[in-house]
J.: 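Got a structure here, written out as structure tokens. Questions coming.
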Amino acid sequence: MAVTAPPRPSRRSHPARTAALPLGLLTVAFLAYVLPAYIGLDPGQSRLPIPSDAPWYYPALVAHIGFGSVALLAAVLQVWPWLRRAHPEVHRWSGRAYVFLGVLPGGLVVLAVTPFTVSGGGTVAHV
């Protein structure tokens with residue numbers, strides 16, 4: 001009686017594996033479109049109208065966009081299965097960056113910005 005090795009599992013496509021690359025490309029394209037208007041810190045370049053009665057609005061908006069950019073880029077690293085498998089420490093640090101340098105501060109800042117947003121929507125609504 002011959003002993004045979006068990007069959008190898010097939011390399012089926014995993015949703016996270018197939019979603020990581022398009023998500024990364026979409027994130028980079030979105031940030032390449034949005035960030036140039038705010039990198040120069042010129043309120044005249046803003047995609048949203050700046051209320052004249054809130055001088056802190058533009059700095060808060062820029063902070064929200066900066067923290068949001070960190071969150072978007074870290075989210076891509078979080079859903080990348082290879083990174084999680086091959087470099088778990090990088091995966092953990094990107095998760096911490098996502099929460100503490102992206103989502104939490106960005107969410108707090110947007111609470112100050114939203115009541116003064118005249119257009120009723122964010123950059124996505126203005127694309």
J.: Work out which heavy atom in Val76 is nearest to a heavy atom in Ala20; give both atom names and the distance.
T.: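 Looking at all heavy atoms of both residues, the closest pair is CG1-O, 4.4 Å.
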
J.: Can you name the residues that form a side-chain contact (heavy atoms from CB on, under 4.5 Å) with Ile39, not counting sequence neighbours?
T.: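 Checked Ile39 against side-chain contact (heavy atoms from CB on, under 4.5 Å); matches are Leu35.
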
J.: Is there a path of hydrophobic side-chain contacts, each under 4.5 Å between heavy atoms of I/L/V/M/F/W/Y residues, joining Val103 to Leu111?
T.: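 No; Val103 is not reachable from Leu111 via cluster members.
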
J.: Which pair of heavy atoms, one from Leu83 and one from Leu77, lies closest together, and at what distance?
T.: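 Closest approach of Leu83 to Leu77: CD2-O, 3.6 Å.
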
J.: Do the side chains of Trp93 and His87 get nearer than 4.5 Å, heavy atoms only?
T.: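 A side-chain contact under 4.5 Å is absent here.
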
J.: With sequence neighbours excluded, what pairs up with Val109 under the side-chain contact (heavy atoms from CB on, under 4.5 Å) test?
T.: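 Scan of Val109 (side-chain contact (heavy atoms from CB on, under 4.5 Å), adjacent residues dropped) gives Ala60, Ala63, His64, Phe67, Val113.
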
J.: Does the side-chain contact (heavy atoms from CB on, under 4.5 Å) test come out yes or no for Arg47 and Tyr33, once each step is laid out?
T.: CA-CA 11 Å; Arg47 296 186 185 280; Tyr33 172 74; 3.3 Å; yes

J.: Shortest non-hydrogen contact from Arg84 to Gln78?
T.: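 Here Arg84 and Gln78 meet closest at NH1-O, 3.1 Å.
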
J.: Is there a path from Leu21 to Val28 through hydrophobic residues (I, L, V, M, F, W, Y) whose side chains come within less than 4.5 Å of each other?
T.: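 No, Leu21 and Val28 fall in different hydrophobic clusters.
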
J.: Looking at OG of Ser46 and CD1 of Ile65, how far apart are the two atoms once the value is rounded to the nearest 0.5 Å?
T.: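 Separation between the atoms: 6.5 Å.
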
J.: Using the rule that two of Ile, Leu, Val, Met, Phe, Trp, Tyr join whenever any of their side-chain heavy atoms come within less than 4.5 Å, decide whether Val62 and Leu73 are in one cluster.
T.: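 Same hydrophobic cluster.
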
J.: Suppose we screen for side-chain contact (heavy atoms from CB on, under 4.5 Å). Which residues come up paired with Arg92, at least two apart in sequence or across chains?
T.: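 Here the qualifying residues are Pro88, Glu89, Arg96.
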
J.: Between Ala71 and Tyr98, which heavy-atom pair has the shortest distance, and what is it?
T.: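 In terms of heavy atoms, the two residues are closest at O-CD1, 3.3 Å.
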
J.: side-chain contact (heavy atoms from CB on, under 4.5 Å) between Tyr57 and Leu48: does it pass, once the steps are laid out?
T.: CA-CA 11 Å; Tyr57 178 87; Leu48 297 174; 3.9 Å; yes

J.: Would you name the heavy atoms of Val110 and Thr114 that are closest together and state the gap between them?
T.: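 Closest approach of Val110 to Thr114, heavy atoms only: O-OG1, 2.7 Å.
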
J.: On a heavy-atom basis, which atom in Val34 and which in Tyr38 lie closest, and how many Å separate them?
T.: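 What the structure gives for the nearest pair is O-CD1, 3.5 Å.
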
J.: Do Leu41 and Leu31 land in one hydrophobic cluster if side-chain heavy atoms of ILVMFWY residues count as linked below 4.5 Å?
T.: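 Hydrophobic grouping puts Leu41 with Leu31.
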
J.: Consider only side-chain heavy atoms of I, L, V, M, F, W and Y, link residues closer than 4.5 Å, and tell whether Leu61 and Phe30 are in one cluster.
T.: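 In one cluster with Leu61: Phe30, yes.
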
